[in-house]
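So the structure is just underneath, and the comments pick up after that.
Chain A is the first sequence line, chain B the second, and so forth, proteins listed ahead of strands; every chain is numbered from 1.
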Protein chains: 2
Amino acid sequence: MQFSKSTDYALHALIHLGHAERCSNVGIKELSGSLGVSESYLSKIMSKLRQDGIVRAVPGVNGGYELARAADRITFLDVIQVMEGRQKLFECSNTNSRQHRLLAEEGTARRERDKERTGKNECLVEKVMEGAEQHLHQYLRERTIQSVLDEAFKRCSHEANKK
Amino acid sequence: MQFSKSTDYALHALIHLGHAERCSNVGIKELSGSLGVSESYLSKIMSKLRQDGIVRAVPGVNGGYELARAADRITFLDVIQVMEGRQKLFECSNTNSRQHRLLAEEGTARRERDKERTGKNECLVEKVMEGAEQHLHQYLRERTIQSVLDEAFKRCSHEANKK
DNA sequence: ATAACGTGGACCTACGGTGTCCATAATAAA
DNA sequence: TTTATTATGGACACCGTAGGTCCACGTTAT
Ligand code: SF4
Ligand code: SF4
C-alpha cells in the first residue's frame, strides 16, 4: 500500500515544469539533472503523462515538455491516477464463497429489487472501502501542483522578509 | 495502489469470527470452507492477526480462533495495518536531488530554526501526502467489524419485516 | 497414546515496479 | 539539405514481493 517511485518522480517533474513556466519548455536533460533520475526512465514517465494529457511535448532541437494546462488545474489525484492506474482500492475476489452469500445475498429476490430501485448492489465491505476511496480522492483533488508552488513561494518570501 | 488479497481474507475471516461469537472458537477448517481459501494460506493470515493481538488462538483438539476483543473495537484500520504493514503512503526517495534543495531547503539556516521550533521539517509534497494518509486513516478508524455486522443484521431484519 | 489443531519455516511461482538500451521519427539550425 | 538535437516506443533484464504450498513440530482434549 504505497505509491510507486514513478508517482514520486512524476510529481517532482511537474513541479519543476510549473516552476519554470516562463520559458516555454524543458528538456529531459534538465529534468533528469534536477531530479537525479536517469533520462531513460524519466522519459517513460513523461511519455505517460503526455498520453494522458497532463503535459505537452515537442520533439526536435530545443524541444522539451511543458504543462498542458495551468498548474492549478493539475491535481495530485490526476497525477496519481495516471501513474498508478485507475484500479479500485479494494477489489473483491471471492464472490462465490459461502461467506459472500451470507453477507451480500440474503434473500436474492430482495437484492434484485434493490438493484432495480437504487441501481447499486454493493456488498457491505466494498461499501466501506469505496467510501474510503472517495474520501481519499476528494482530498487529493483539492491539492494541485500550483498549491505546492504557492506554499514554496510563501516560505521563500517569508524568508526574504526576515532579512 | 491496492490492498492485498490477504487484507481481504483477513477482513472476511474476522467478520466470520464476529458473526459466530456465540461458540467460543472457530477452526481453520470452517474458516477455510467459508471463505474459499486454502487452509495453509489462511493459517498464515490468522497467525499474523494473532501476533498483533487481533485474535486469540487455542491449539489442540477443538481449538480454533476467537476475537481477542469486542468486534466494535476492531477497526478496519487495525486490520489493514497488520496486513499491509505500517509503511507510509509516500516515502520520499531522492532527498539529495537538486529539486529537493529547491523545495525543502531554501535557506538551510531557516530550516534549522523551524526544526527546533516546530519539531517537524517536512517538505511540501510529503505534507500533502501525509495529510491524505491522515484522512484515510481517520475514516478507516471509524469503521469496525461490528459496524459491518450491524448493517448486515439491519438488512436481514428489514427483510424479515417485509415478509 | 493418539488424533485434532495451530505455528513457523522452507520453498516455489508469477507478476509488476524499476531501470537500461536502442532504433526511429520529428524538428530546428547550419 | 544535411546534421544535430530531442522525444517515442519497444525489447529486455533484474529483483522484490504477493500469493500460495508443504511439512515437521508443539500443544491439547479424549
Ligand atoms: S461479501 Fe462483499 S467483499 Fe465479501 S465476497 Fe461478497 S462482495 Fe466480496
Ligand atoms: S522536495 Fe520533498 S518529496 Fe521532493 S525530494 Fe525533497 S523531501 Fe522528497
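A/Tyr65 has a side-chain polar atom (N or O) that falls below the 4.0 Å cut-off from OP1 or OP2 of D/dT8. Taking side-chain N and O atoms only, A/Ser38 has a distance below 4.0 Å to OP1 or OP2 of C/dT20. Residue A/Tyr9 places none of its side-chain N or O atoms closer than 4.0 Å to OP1 or OP2 of C/dG17. Distances shorter than 4.0 Å separate some side-chain N or O of B/Arg50 from OP1 or OP2 on C/dT7.
By the salt bridge (Lys or Arg N to Asp or Glu O under 4.0 Å) test, B/Lys88 is found to be paired with B/Glu130, residues two or more places apart in sequence or in another chain being considered. Qualifying salt bridge (Lys or Arg N to Asp or Glu O under 4.0 Å) partners for A/Arg98, counting only residues two or more places apart in sequence or in other chains: none.
Taking the six-membered ring for Trp and thresholds of 30 and 60 degrees, A/Tyr9 and A/Tyr41 have ring planes more than 60 degrees apart, a perpendicular arrangement.
Between A/Ser47 and B/Ser6, the one whose closest nucleotide on DNA chain D sits nearer the 5' end is A/Ser47. In this structure, A/Tyr41 and B/Ser43 both approach DNA chain C, and ranking their closest nucleotides by distance from the 5' end singles out B/Ser43.
Within 4.0 Å of B/Gln51, counting heavy atoms only, lie sugar-phosphate atoms of the nucleic acid but no base atom. The residue B/Val58 sits close only to the backbone: its heavy atoms come under 4.0 Å of sugar-phosphate atoms, none of a base.
What separates CD of B/Glu91 from P of C/dT18 is a distance of 13 Å, to the nearest Å. In this structure, CE of A/Met1 is placed 14 Å from P of C/dG17, rounded to the nearest angstrom. Taking atom CD1 of residue B/Ile45 and atom P of nucleotide D/dT21, one finds them 11 Å apart after rounding to whole Å. Look at CG on A/Asn25: it is 8 Å from P on D/dA7, rounded to the nearest Å. In this structure, A/Met46 places its CE atom 9 Å from P of D/dA7, rounding to the nearest Å. Rounded to whole Å, the distance from CE on A/Met83 to C1' on C/dG19 is 13 Å. Atom CG of A/Leu17 is separated from atom C1' of D/dA7 by 14 Å (rounded to the nearest Å). Rounded to whole Å, the distance from CG on A/Leu42 to P on D/dT6 is 15 Å.
Counting atom types as modelled, B/Lys44 pairs a side-chain N or O with a base atom of C/dG9 as donor and acceptor under 3.5 Å.
Minimum heavy-atom separation, A/Ser32 to A/Val37: OG-O, 2.6 Å. Scanning both residues, A/Gly53 and A/Arg69, for their nearest heavy atoms gives O-NH1, 3.5 Å. For A/Glu91 against B/Asp8, the heavy-atom pair with the smallest separation is O-OD2, 4.1 Å.
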If you restrict it to nitrogen or oxygen atoms, what contacts under 3.5 Å exist between nucleotides 26-30 of chain D and the protein, and what is each distance?
{"residue": "D/dT27", "atom": "O2", "partner": "B/Gly60", "partner atom": "N", "Å": "3.4"}
{"residue": "D/dT28", "atom": "O2", "partner": "B/Val61", "partner atom": "N", "Å": "3.4"}

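Remark: side-chain polar atoms of A/Thr75 are not paired, donor with acceptor, to backbone N or O of A/Thr144 under 3.5 angstrom.
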